[in-house]
Amino acid sequence: MTGKKKLSRIRNIGIIAHIDAGKTTVTERILYYTGRSYKIGEVHDGEAVMDWMPQEQERGITITSAVTTCDWRDHEIHIIDTPGHVDFTMEVERSLRVLDGALVVFCAVGGVEPQSETVWHQADKHRVPKIAFINKMDRIGADYFGTVGMMKERFRSQPLILQIPYFTGTTFEGVIDLIRRRTITWEEQQYGTIYNYGDIPVDSLTEAEQCRDRLIETIAELDDDIAEKYLEGMNITEQELTAAIRAATLRLKIVPVLCGTALRNKGVQPLLDAIVDFLPSPEDVPPIEGINPETKEVEKRISSSKESFAALAFKVAMDEGRKITYVRLYSGVMKVGEDVYNANTGRKEKIARLLKMHANKRERINETGAGSIVAVVGLKNTSTGETICDEKHPIILEPIEFYQPVISQAIEAKTPADQEKLTTALAKFMEEDPTLKVKYDDETAQTVISGMGELHLEIILDRLIREYNTKVNVGKPKVVFRETIEKGVDAEGTFHRELGDAKHFGHVILHLEPNTRGSGLSITTLNGTDSIAVYLPAIEEAIRDASLTGVIAGYPVTDMKITIKGGTYREGESTELGYKVAASTAFRDGCSQAEPALLEPIMMVDIITPSDFMGEVIGDINARRGEVESINPKGPISEIVARVPLKQMFGYSTDLRSATQGRANFTMQFLRFDKS
C-alpha cells in the first residue's frame, strides 16, 4: 500500500530521447544497480529487459512503452521507457501525460537531434520537470559542452551543469561532481557496481571551480537565500544547494545536466541520486484538474490516498487474450474486487486484479494508493484516455490528444478463416494503439489500415503474422490526403419532401472560404439566424459529417471557414432532418464551386550525412520535390533539414544508404497538409 508517509518517496518518471541516444541502455543499468535485474541486458544482443517484444529485440529499438518499478535510497521509482522512433511518438505523448518528471537522454556525439526536440516540447506541453543525461561520453567526437550549448539554443531553457566529464588523456574515467567538489570514478571490471570518490585532480581544478561558480550564480538568480549568502561571501552547504536546485527544477526554471556512458557502466548511480533529489514526487505536482460530469464545473484532486478515488487509463495492452489497462492513480485508493466508475461512459467496472509491472513480468498486489502506476485486469469497457473514479464523486480528467495517421496500406485476408482472425486481431490492435485506424472498403473488399509511418504499419503486419497466425496479402502503402478550397463562395441548400405522413423542410445559406494551413475546420454563425436558431446544432453536425468526404476523391476536408449566414423557417414543416440534408447539400455544392484542391502530407526530414555526400543528398531531395530549409555543418558531418511530400519518401532509407555508402541516417516527422 502506498501510504501518506511514502508519497513523498515516490518518483514517476519517463525516459525520453531521440532514437539511439541510449534510453533503453540507461534503463537497463538503472534496473541492474537498483537490484531489479540480476544481470545487464544489452540492446544489441536483443536481451534488454524493457524491449521484450520480438520485433523490438530484432530491430534493437523500443516500440511500446514499458513500465517498471525499482527502489533507490528508500524511494520507489516508477519508470516508463518510451520509444524514440517518430512513428511511435504517441507512446511518448501518453506516457508524459501521466508522469511527474522526465529524464531526457542525449547522445554526446549527435547532440540535440530532431526527435529530442519533439519529446522535449511534448514534456514542456505537459509542464513536466526534466533532468538531462548526456550519454556516450566515451565515444570519439563526444562534445559535452557543445551539447549543453545546443540545449540552450534549441529549447530556450536554462541547462544547469551539475557534473563535468573527467578524462585521463582521451579516456573517459568518470565525472566531477560540482555540488560536492569531488570526482567519481568507476571500476570497469565490476560492471560499474564499485565506484570511488576522490579529490578533483589539479589540472581540472580551475575548470571545475569556474563551472561551480556559474552553477551558484544561476541558482542565486532564482533563490533569494542563496543570493544573500553568495553576495556576502558565506559558505553555501551542499544541502542548501540541493534544495534550491530541486525547487528551481520543479518550477521549470532550470534543467540539471549530468553525464556518463551507460554502455560502459559509468555515471548511472549519480543519475539515480539526481532523480531522487531533483524530480518531483506526486505531492510536489499541482492537484490534477477535471470536469464533474454532473455539474460541468472544474474540480481538483490532491495527490493523497485520503481524497476521492480518481485515475486515468493511459494505455491498453492485450496479453494472452486478456485485456490489461495501465492506470495512473491521482488520488484515493484502489482495491482488488471493488467496483469503479468510468466517468466517460457512465458504466461500472470491477477490479479483478492489480499488477505491479516489470516490463512484461508482473507482481500481484491487493491494493494501491495515490501516485502509483499499476496495471489492472477487469476493465473490459475502459479505453485509453478515460477516467475511472468513485461513483459518488465523479470527475473526468483531461483526455489524451491523439495524432492523426498519415499513411495507409491495403491488406486482405488470404482465406475466409484468415478474415475472421484479421478482424479480431485488428480490433485488439486498435484498442491498444489509438493512432491505428482501420476501414473496410466495400468496393474493393480490402481492409485499409492507416498509421503514423512505414515502420508503424510494418510492425502491425509482423504482429498479425506472429501473434495471430493471420495470412494476408499486402498492397502498396498509400498516402492519406486532405481536401480544401481555393476561393470563397456562397452556397444554399433546400430540402422539401414528404416522407410518410410528415413534411420535411429545410433551407440553409452558407458562406465557405479558405483558411490558413493547419487551421482545420471552423464554423461560425452570423446574426440574423434567429428564425432557425433551434436547428443550428443539427446544421453544424451535418456540415461536420459532410466534411469527412470531400468532392474530389472523398478525403476529409480541412482548412476552411464556414459561416452559417441564414435560412428559412416554415411553421409545421421545418424539421431537423430537413436542415441536416439542406446543410449537407449546401456544403457539398459550395465545395464543388470553390475550386477544390488536394492537400498532401508534407514531412519535415532531418538528414545527418558525411559532408562528402552533401551534393548527392541535396540532389536527391530536389528530385523528390523537396525544399531544403537549412544546412548546418558540424565538422565532418552536416545536417540537412528539408520539407518533402510523404508520397516521395517511400523507400528513402534504402536510397539514402546506397547514395552515402550506408553512412547517413535520417528522421522525419509530419509537418502539415499542404499543396505540393
Side-chain angles (χ1 to χ4, degrees), residues 2 6-17 21 23 26-27 29-31 33-34 36 65 67-82 92 95-106 116 119-120 122-135 151 155 157-163 177-179 215 218-219 222-223 238-239 241-260 262 267-288 303 328-330 370-373:
T2 306
K6 279 194 72 184
L7 207 55
S8 61
R9 293 184 172 272
I10 290 177
R11 300 289 180 272
N12 289 315
I13 67 155
I15 301 188
I16 60 176
K23 287 179 307 309
V26 169
T27 313
R29 297 314 185 266
I30 287 175
L31 296 179
Y33 297 134
T34 57
R36 204 46 166 110
S65 50
V67 180
T68 190
T69 305
C70 57
D71 292 291
W72 185 256
R73 278 176 36 195
D74 199 25
H75 283 68
E76 191 176 286
I77 304 173
H78 302 147
I79 300 171
I80 299 185
D81 175 31
T82 64
V92 184
S95 301
L96 285 170
R97 171 68 181 77
V98 296
L99 293 169
D100 302 329
L103 165 59
V104 192
V105 181
F106 295 97
S116 324
V119 296
W120 189 283
Q122 282 174 308
D124 277 349
K125 183 172 91 179
H126 294 290
R127 298 198 58 73
V128 174
K130 300 172 279 291
I131 58 176
F133 180 68
I134 298 179
N135 192 23
M151 286 169 65
F155 301 140
S157 67
Q158 177 69 63
L160 186 75
I161 294 174
L162 303 187
Q163 297 175 344
D177 177 347
L178 299 177
I179 296 177
L215 185 157
T218 307
I219 288 297
L222 302 167
D223 188 293
E238 82 183 50
Q239 287 82 4
L241 205 48
T242 302
I245 293 169
R246 177 181 180 80
T249 306
L250 298 189
R251 298 203 317 273
L252 305 179
K253 296 291 183 191
I254 56 164
V255 178
V257 182
L258 300 95
C259 63
V268 178
Q269 292 92 340
L271 179 61
L272 278 160
D273 287 336
I275 288 168
V276 166
D277 288 340
F278 306 126
L279 287 180
S281 75
E283 282 185 332
D284 298 317
V285 177
I288 188 83
S303 193
R328 160 72 199 261
L329 262 77
Y330 285 101
S372 54
I373 292 176

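Scope of the values below: all heavy atoms of this structure, side chains included, with no hydrogens, waters or symmetry mates. Please read all numbers here as calculations on a predicted model, not as lab measurements.
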Mind checking the CH2-CG spacing from W120 to L96? Nearest 0.5 Å is all I need. 12.0 Å

Nearest atoms (heavy-atom pairs only) where A370 meets L7: O-CD1, 3.0 Å

How close do I30 and C70 get, counting heavy atoms only, and between which atoms? CG2-SG, 4.0 Å

In Å, rounded to the nearest 0.5 Å, how long is the span from CD of E283 to CZ of R9? 11.0 Å

Return the OG1 to CG distance between T249 and D277, rounded to the nearest 0.5 Å. 10.0 Å

Quick check on side chain to side chain contact (heavy atoms under 4.5 Å, CB included): which of L279, T69, I13 does I77 satisfy it with? I13

Check S281 against D100 and note the closest heavy-atom contact, atom names and distance. C-OD2, 4.2 Å

Taking C-beta and beyond as the side chain, do V104 and I16 meet within less than 4.5 Å on heavy atoms? yes

K253/D223 ion pair, N-O < 4.0 Å: no

side-chain contact (heavy atoms from CB on, under 4.5 Å) between W72 and I275, intermediate numbers included: CA-CA 10 Å; W72 185 256; I275 288 168; over 6 Å; no

What are the two closest non-hydrogen atoms of A21 and N135, and how far apart are they? O-ND2, 3.1 Å

Looking only at heavy atoms, the pair that brings I10 and G371 closest together is CG2-O, 3.8 Å

Hey, is the main chain of H78 close enough, under 3.5 Å, to the side chain of R11 for a donor-acceptor pair? no

For the student: nearest non-hydrogen atoms of V26 and A262, plus distance: CG2-CB, 3.7 Å

Quick one: does R328's side chain have a donor or acceptor within less than 3.5 Å of a partner on V98's backbone? yes

Where do L103 and I79 land on the side-chain contact (heavy atoms from CB on, under 4.5 Å) test, with the steps shown first? CA-CA 10 Å; L103 165 59; I79 300 171; over 6 Å; no

Calculate, to the nearest 0.5 Å, the distance between atoms CD1 and NZ belonging to I15 and K23 respectively. 9.0 Å

Under the 3.5 angstrom rule, does the side chain of Q163 hit a backbone N or O of C259 as a donor-acceptor pair? yes

Test side-chain contact (heavy atoms from CB on, under 4.5 Å) on L222 and R251 and set out the steps. CA-CA 10 Å; L222 302 167; R251 298 203 317 273; 4.1 Å; yes

Working to the nearest 0.5 angstrom, can you tell me the gap between D284 CG and R246 CZ? 4.5 Å

Side-chain donor-acceptor distances from residues 126-133 under 3.5 Å, at least two apart:
{"residue": "H126", "atom": "NE2", "partner": "E93", "partner atom": "OE2", "Å": "3.0"}
{"residue": "K130", "atom": "NZ", "partner": "D124", "partner atom": "OD1", "Å": "2.6"}
{"residue": "K130", "atom": "NZ", "partner": "V128", "partner atom": "O", "Å": "3.4"}

Start with the C-alpha gap between L162 and F278, add the side-chain angles, then the distance that decides, and say whether side-chain contact (heavy atoms from CB on, under 4.5 Å) holds. CA-CA 12 Å; L162 303 187; F278 306 126; 3.4 Å; yes

Between N12 (side chain) and P282 (backbone), is there a donor-acceptor pair under 3.5 Å? no

Measure the spacing between CD1 of I179 and CG of L160 and express it to the nearest 0.5 Å. 7.5 Å

